[in-house]
Q: 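Let me give you the structure first, and then I'll get to my questions.
Each chain gets a letter, A, B and so on, in the order its sequence line appears, and its residues count up from 1.
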Amino acid sequence: MELRNEHQWPVEKFEAIELQKEFAQHVQILPNFDDVTLIAAVDTAYGRNADIIYASAVIYTFPEIDEVEKRFHYAEVKFPYTPGLLYFREGPAILAALEKLETTPDLIIVNGHGIADYNRCGLASMVGIAFDIPTIGCARKLIAGNHREITPQKGSSQPLFLKDREVGLAYRTKDNVKPLFISPGHRCDIKFAKEMVVQNLRGYRMPEPLRFAHQAANKYKRHIEKKYQNKTIYIKE
DNA sequence: GCGACAG
DNA sequence: ATCTTGTCGC
């Protein structure tokens, strides 16, 4: 895949916020009627000291969810974990893994929030803008917004509001299991995001592509750590 | 001002 | 996110 919006990686928080607000201007929330055949999912894993980040980018067919292509990338972590600025910590590795994909998916599911973010531009939105491709944010915890209580039954959901705006939803993917927070990232809307996530559930809390991408990132991490045990990992630019 | 705070 | 085994519950 090819980046559509290149930029420097900020070192200071205020610079990151400036870039995030600029990207937020480009976020498109609109109905998506495209036929979805290929779905990509990205996720990351960290080394023990949280100094190295490992990212996976995997493409699956939909609705079969058969693996089509799988790429990875690891890098030194250079930005501190800061709620609201996750993109600046994980973005370098995630974008690099996605750039290695030879196939272009119809949409990308990201482990993190889309517009359910204080600046309406979470990790999923930032990734979507970077490649100008439809993205969906899927998070296990809420960072911004509120919603009414949802029942314990699978399928129960409530809209997620942030400053009077509906930005996504809380969705129960399994009975008696904590809900998932879904929000559009870029070039799609809440309805599309919800439908896609629901149609990709296969009995677990997380949609299958993301669940697999998560496992893939961890396997990749173990592989690299084993390969370089006792040695100093050399990371090229 | 205080609390909350994706991975 | 990561450090970690068993264990309670559907």
Q: Determine whether the side chains of H186(A) and D132(A) contain a donor N or O and an acceptor N or O closer than 3.5 Å.
A: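 Side-chain D/A pair, H186(A) to D132(A): present.
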Q: Can you check whether N49(A) has a side-chain N or O nearer than 4.0 Å to OP1 or OP2 of dC3(C)?
A: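 So the side chain of N49(A) is outside the cut-off, no N or O lying under 4.0 Å from OP1 or OP2 of dC3(C).
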Q: How does protein reach along nucleotides 1-7 of chain B, written 5' to 3' as B (base within reach of a heavy atom under 4.0 Å), S (only sugar-phosphate), or - (no contact)?
A: ----BBB
Q: Checking K100(A) side chain against F72(A) main chain: does a donor-acceptor pair fall under 3.5 Å?
A: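 Indeed, once roles are kept as given, a pair shorter than 3.5 Å links the two residues.
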Q: Using a 3.5 Å limit on both pairing distances, list the dot-bracket string of DNA chain C from the 5' end; Watson-Crick and G-U wobble pairs count, crossing pairs take [ ], interstrand pairs take |.
A: ..........
Q: Heavy atoms under 4.0 Å is the rule here; annotate nucleotides 5-10 of chain C 5' to 3' with B where the base is hit, S where only the sugar-phosphate is, and - elsewhere.
A: ------
Q: If you count every heavy atom of other residues, nucleotides or ligands that lies below 6.0 Å from K194(A) atom NZ, does the total exceed 12?
A: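 No, because the 6.0 Å sphere around NZ of K194(A) holds 12 heavy atoms or fewer from other groups.
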Q: Does any part of the side chain of P209(A), heavy atoms only, come nearer than 4.5 Å to the side chain of V58(A), both counted from C-beta?
A: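 No; the side chains remain at least 4.5 Å from each other.
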Q: Any Lys/Arg nitrogen of R211(A) or D43(A) sitting under 4.0 Å from an Asp/Glu carboxylate oxygen of the other?
A: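 No, R211(A) and D43(A) are not salt-bridged.
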Q: Is E67(A) salt-bridged to K70(A), cutoff N-O under 4.0 Å?
A: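 Yes.
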Q: I'd like to know if E225(A) pairs up with R222(A) as an ion pair, taking the criterion as any Lys NZ or Arg NE/NH1/NH2 lying under 4.0 Å from an Asp or Glu carboxylate oxygen.
A: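 Looking at R222(A) together with E225(A), the answer is no, because their closest N to O distance does not fall below 4.0 Å.
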Q: With no hydrogens and no angle check, just 3.5 Å: does a side-chain donor-acceptor pair link Q20(A) and N119(A)?
A: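 Judged by distance alone, the side chains do pair up.
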Q: Any base atoms under 4.0 Å from N146(A), or only sugar-phosphate, or nothing? Heavy atoms, all strands.
A: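 Result for N146(A) = nothing.
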Q: Would you classify K174(A) as touching base, sugar-phosphate or nothing, given that sugar-phosphate means primed atoms plus P, OP1 and OP2, and contacts are heavy atoms under 4.0 Å?
A: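 Result for K174(A) = nothing.
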Q: Quick one: does any side-chain atom of S125(A) pair with a main-chain N or O of L123(A) as donor and acceptor, under 3.5 Å?
A: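 Absent.
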Q: May I ask you to decide whether R71(A) forms a salt bridge with E69(A), counting only side-chain N to carboxylate O separations under 4.0 Å?
A: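 A salt bridge is present here (some side-chain N lies under 4.0 Å from a carboxylate O).
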